[in-house]
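Structure first, then comments.
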Amino acid sequence: PRTFIGALVISFLTFFIKLFLALTTSVSGHYIQISCRCVLGTLLWLSFCYFKRGISYRFGTRAAQLTGILTSLQFHICFYMSRTLPNTFALALCLLAYGHWLLGKSQQSILILAVAMVIFRCDIAVLICP
């Protein structure tokens, strides 16, 4: 499914940045685009940090550190973290769900994956079904 909910959340969070920029400088579309991508990148980074916390809880601190290093060395996730695509919004929710699962909160994990599946990507059902 294609939806506007992800863009609505990002635009709501970016609205406050736009207000700040309007008070300090002249606001152009370029600055708003950059701030939208920064907000989305920050949300994905925070969900990845939660995922790493789950890895640290389940497998140890060293595994979480190696996951962070390996992910930062790969081009794909770092490139797509600030892209305004449905896959990117779904990735944030999937990382959050995996973090919950690794922390032993399986009901919350399934709920987050179900929300991501209904709103952003139907193929997330593959992650739920064994």
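- Of the inter-residue distances, the one linking Thr67 atom OG1 with Phe51 atom CZ reads 6.5 Å to the nearest 0.5 angstrom.
- Ile34 and Phe16 sit in two unconnected hydrophobic clusters of ILVMFWY residues. Membership requires side-chain heavy atoms under 4.5 Å apart, directly or through other members.
- Listed by chain and number, the residues in a side-chain contact (heavy atoms from CB on, under 4.5 Å) with Phe59 are Ile55, Ala63, Leu102 (sequence neighbours excluded).
- Counting heavy atoms of neighbouring residues, nucleotides and ligands inside a 6.0 Å radius, atom CD of Gln107 does not exceed 12 of them.
- The aromatic rings of Phe89 and Phe120 lie parallel to each other, their planes meeting at an angle below 30°, with 60° marking the opposite boundary.
- A pairwise comparison of heavy atoms in Lys105 and Tyr50 identifies NZ-OH, 3.6 Å as the closest pair.
- Atom CG of residue Leu113 and atom CD of residue Gln108 lie 12.0 Å apart, to the nearest 0.5 angstrom.
- For the pair Val115 and Ile119, the minimum side-chain heavy-atom distance is below 4.5 Å.
- To the nearest 0.5 Å, atom CZ of residue Arg58 and atom CZ of residue Arg53 are 14.0 Å apart.
- The other residues sharing a hydrophobic cluster with Tyr80 are Phe75, Phe79, Leu85, where clustering joins ILVMFWY side chains under 4.5 Å apart.
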Name the atoms and distances for all side-chain donor-acceptor pairs under 3.5 Å in residues 4-13, with sequence neighbours left out.
unit_1 : atom_1 : unit_2 : atom_2 : d
Ser11  : OG     : Ala7   : O      : 3.1
Ser11  : OG     : Leu8   : O      : 2.9

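- By the side-chain contact (heavy atoms from CB on, under 4.5 Å) test, Thr61 is found to be paired with Ser56, Gln65, residues two or more places apart in sequence or in another chain being considered.
- Remark: Leu96 CG to Ile112 CD1 distance equals 4.0 Å, nearest 0.5 Å.
- Not counting sequence neighbours, the partners of Gln33 by the side-chain contact (heavy atoms from CB on, under 4.5 Å) test are Arg37.
- To the nearest 0.5 angstrom, Tyr98 atom OH is 14.5 Å from Leu103 atom CG.
- A donor-acceptor pair under 3.5 Å is formed between the side chain of Ser72 and the backbone N or O of Gly68.
- With sequence neighbours excluded, the residues satisfying side-chain contact (heavy atoms from CB on, under 4.5 Å) with Leu91 are Leu44, Leu95.
- Put simply, Trp101 and Leu111 are part of two different groups of oily side chains (I, L, V, M, F, W, Y) that touch within less than 4.5 Å, one to the next.
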